[in-house]
**Student:** 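Mind having a look at this structure? Questions to follow.
No experiment lies behind these values; they were computed from the predicted model shown.
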Amino acid sequence: MTIYKTKEQKQAFYNSRYWRAMREAIKRRDNYECQECKRKGNLTIDMKERNKNDRKKIALVVDHIKELEHHPELALDPDNLETLCVVCHNKKHGRYFTNFIMNKPKWNDERW
């Protein structure tokens, strides 16, 4: 059984043709919809938009329900994979990105 503990081991797995093929099969199975949004009654789909460098914006990812690092035997098990939007995926992994405005000093502030 392969171990996926280091960044290099994980990167090799995610760059493999087996993962790329499985990822596409899972997205197709899930109808290119975020399954977490769907559970909440919302709809997030892959819009296939392109950015200024003509690269596809990533709107959907395929996530391991049971983490790859802890359950390597389930790495390519379709029952352990689901399509998530980037927002839901980041929330699941505790990566919260918000649009925030730092408290900028005002001109009448004593520091200025």
**Student:** Are any non-hydrogen side-chain atoms of C34 and T83 less than 4.5 angstrom apart?
**Tutor:** no
**Student:** What's in the same ILVMFWY side-chain cluster as L74, cut-off under 4.5 Å, chained through other members?
**Tutor:**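 Its cluster mates, by chain and number: none.
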**Student:** N42: which residues meet the side-chain hydrogen bond (donor to acceptor under 3.5 Å, both in side chains) condition with it, sequence neighbours left out?
**Tutor:** none
**Student:** With a cutoff of under 4.5 Å between side-chain heavy atoms, which Ile, Leu, Val, Met, Phe, Trp and Tyr residues group with V87?
**Tutor:**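 Its cluster partners, ordered by chain and number, are none at all.
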**Student:** How many angstroms lie between OH in Y14 and CZ in R23, if you round to the nearest 0.5 Å?
**Tutor:**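 Answer for the OH-CZ pair, Y14 versus R23, is 10.5 Å.
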**Student:** For a side chain to side chain donor-acceptor pair (under 3.5 Å) check, start with the C-alpha distance between D63 and H89, then their side-chain angles and the critical distance, and finish with the verdict.
**Tutor:** CA-CA 7 Å; D63 180 60; H89 187 250; 3.2 Å; yes
**Student:** Let me confirm one number: the CZ-CE distance from R29 to M22, rounded to the nearest 0.5 Å.
**Tutor:** 9.0 Å
**Student:** What pairs with R39 under salt bridge (Lys or Arg N to Asp or Glu O under 4.0 Å), at least two apart in sequence or on another chain?
**Tutor:** E36, E82
**Student:** Quick one: does F13's side chain get under 4.5 Å of T2's, heavy atoms only?
**Tutor:**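 Not in contact.
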**Student:** Could you tell me which non-hydrogen atom of Y4 sits nearest to which non-hydrogen atom of P72, and how far apart they are?
**Tutor:** CD1-CB, 3.7 Å
**Student:** With sequence neighbours left out, write down each residue that passes side-chain contact (heavy atoms from CB on, under 4.5 Å) with R28, or none if nothing qualifies.
**Tutor:**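 With neighbours one apart ignored, the set is E24, A25, Y32.
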**Student:** Passes side-chain contact (heavy atoms from CB on, under 4.5 Å), E67 versus H93? Steps please.
**Tutor:** CA-CA 10 Å; E67 295 301 321; H93 292 287; 3.1 Å; yes
**Student:** As a test of understanding, state which of L76, V62, N80 forms a side-chain contact (heavy atoms from CB on, under 4.5 Å) with I26.
**Tutor:** V62
**Student:** Taking ring-ring contact (aromatic ring centres under 6.0 Å, His included) as the test, write out the residues that go with H70, two or more places apart.
**Tutor:**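 For H70 there are no ring-ring contact (aromatic ring centres under 6.0 Å, His included) partners, ignoring immediate neighbours.
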**Student:** Are the side chains of E33 and Q35 in contact, using a 4.5 Å heavy-atom criterion?
**Tutor:**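 They are in side-chain contact.
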**Student:** Mind checking who shares a hydrophobic cluster with I65, ILVMFWY linked at side-chain heavy-atom distances under 4.5 Å?
**Tutor:** none
**Student:** With sequence neighbours left out, write down each residue that passes salt bridge (Lys or Arg N to Asp or Glu O under 4.0 Å) with K10, or none if nothing qualifies.
**Tutor:** E69
**Student:** Drop me the distance from T44's OG1 to L60's CG, to the nearest 0.5 angstrom.
**Tutor:** 8.0 Å
**Student:** In Å, rounded to the nearest 0.5 Å, how long is the span from CG of L81 to CH2 of W19?
**Tutor:** 5.0 Å
**Student:** Sequence neighbours excluded, which residues qualify as side-chain contact (heavy atoms from CB on, under 4.5 Å) partners of Q11?
**Tutor:**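 With neighbours one apart ignored, the set is N15.
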**Student:** Sequence neighbours left out, what passes salt bridge (Lys or Arg N to Asp or Glu O under 4.0 Å) with D30? Give chain and number order.
**Tutor:** none
